[in-house]
Amino acid sequence: MTTLVHPAAGARIGPNAIIQVACVLRDRLGKAFADRLLRDTTPYTCDALPHEMVDESEARAVVQGLVDRVGERAALGVLREAGARTADYLLANRIPQVAQALIRLAPRRLGLRWLLAAMRANAWTFAGSGEFRVTQTDADATLTFERCAMCTGMHAAQPMCDFYAGTFERLIRVLVTPGARVREEECLATGGSVCRFRVRLSGPA
Ligand SMILES: [Zn+2]
């Protein structure tokens, strides 16, 4: 008898995927709502949030529980803000200030190249079982997950990985150019073959 083990089993991602979603929910919908959702889907509560990397399936369970309770559209708003707050945490605590200064001072396409290289080097902290790829052209950049820690197994009417889009967009806006936009154009949750994000830098170079 053969036992099939999904390669994603046990893959881990940074705890911000749960912490920041919980904090946005607490701020928008109240602590009771946030606690109930966390208790129904994870071992955590607002007063006992994870400090170490978490099993990515826990982050997915929070997202699915959120969608079930408030619908896709409202969930996307929460996820995008949670992503932006994650970026703020990374800027304050994880990305060296010297590196931030260098990226800010560089011409923006070069700055974006450096930032994307740093993101690729640190993909183990957020990609989990996903495989993160970066493609940069003169005009923009494309970020792709071949498998996605945040939406694998989900079925949705619209792309659902705004936690990632929100994180990427805030990092690029703060470090490269404030007019940048990041949008998920293809998503595994809607039947896509990958999760693919388009980065657009607006205005002259
Ligand atoms: Zn997706």
Side-chain angles (χ1 to χ4, degrees), residues 6-25 37 41-42 53-90 112 115-116 118-137 140-173 180-201:
H6 192 281
R12 298 173 85 75
I13 59 175
N16 274 298
I18 289 175
I19 294 170
Q20 302 301 343
V21 171
C23 291
V24 173
L25 285 175
L37 175 58
T41 55
T42 72
M53 291 183 69
V54 299
D55 191 305
E56 66 180 39
S57 66
E58 294 177 346
R60 281 199 300 272
V62 171
V63 174
Q64 186 64 62
L66 179 59
V67 171
D68 292 345
R69 284 163 176 77
V70 304
E72 290 178 9
R73 193 177 179 82
L76 285 169
V78 170
L79 293 171
R80 188 165 272 264
E81 186 178 340
R85 292 190 189 190
T86 297
D88 289 341
Y89 171 85
L90 298 173
L112 180 62
L115 174 59
L116 296 179
M119 284 163 52
R120 210 169 39 210
N122 288 282
W124 65 275
T125 64
F126 61 83
S129 64
E131 191 177 324
F132 183 64
R133 285 193 291 128
V134 170
T135 309
Q136 186 175 4
T137 66
D140 57 17
T142 302
L143 313 177
T144 307
F145 289 105
E146 295 287 340
R147 298 175 299 279
C148 180
M150 293 300 285
C151 80
T152 294
M154 282 186 73
H155 299 285
Q158 52 201 316
M160 288 307 297
C161 301
D162 267 23
F163 174 77
Y164 285 135
T167 307
F168 299 152
E169 185 175 87
R170 173 83 105 213
L171 288 175
I172 296 167
R173 283 183 172 180
R181 292 280 305 151
V182 176
R183 200 165 77 87
E184 189 180 22
E185 295 186 335
E186 181 178 356
C187 183
L188 289 160
T190 60
S193 56
V194 295
C195 289
R196 181 168 44 81
F197 303 83
R198 175 65 55 90
V199 179
R200 292 191 189 283
L201 306 178

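All ligand and atom numbering here is 1-based and tracks the order in the structure. Just so we're clear, the structure is a prediction, and the values are computed from it rather than from any experiment.
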Subject >> All side chain to side chain donor-acceptor pair (under 3.5 Å) counterparts of E81, not counting sequence neighbours >> reply: R28, R85

Original post:
side chain to side chain donor-acceptor pair (under 3.5 Å) with Q20: which residues, sequence neighbours excluded?
Top reply: N16

Original post:
Looking at residues at least two apart in the chain, or sitting in another chain, which of them share a side chain to side chain donor-acceptor pair (under 3.5 Å) with R181?
Top reply: E169

Original post:
Considering residues, nucleotides and ligands other than R173, do more than 12 of their heavy atoms fall under 6.0 Å from its CZ?
Top reply: yes

**OP:** Show all protein N/O/S atoms under 2.8 Å from the Zn ion (ligand 1), or state that there are none.
**Re:** C161 SG, E184 OE2, C187 SG, C195 SG

Original post:
According to the interplanar angle, ranging from 0 to 90°, do the rings of F197 and F168 count as parallel (below 30°), tilted (30 to 60°) or perpendicular (above 60°)?
Top reply: perpendicular

**OP:** Apply the test side chain to side chain contact (heavy atoms under 4.5 Å, CB included) to residues M119 and V134: give CA-CA distance (whole Å), side-chain angles for both, the deciding distance (0.1 Å), then the verdict.
**Re:** CA-CA 9 Å; M119 284 163 52; V134 170; 5.9 Å; no

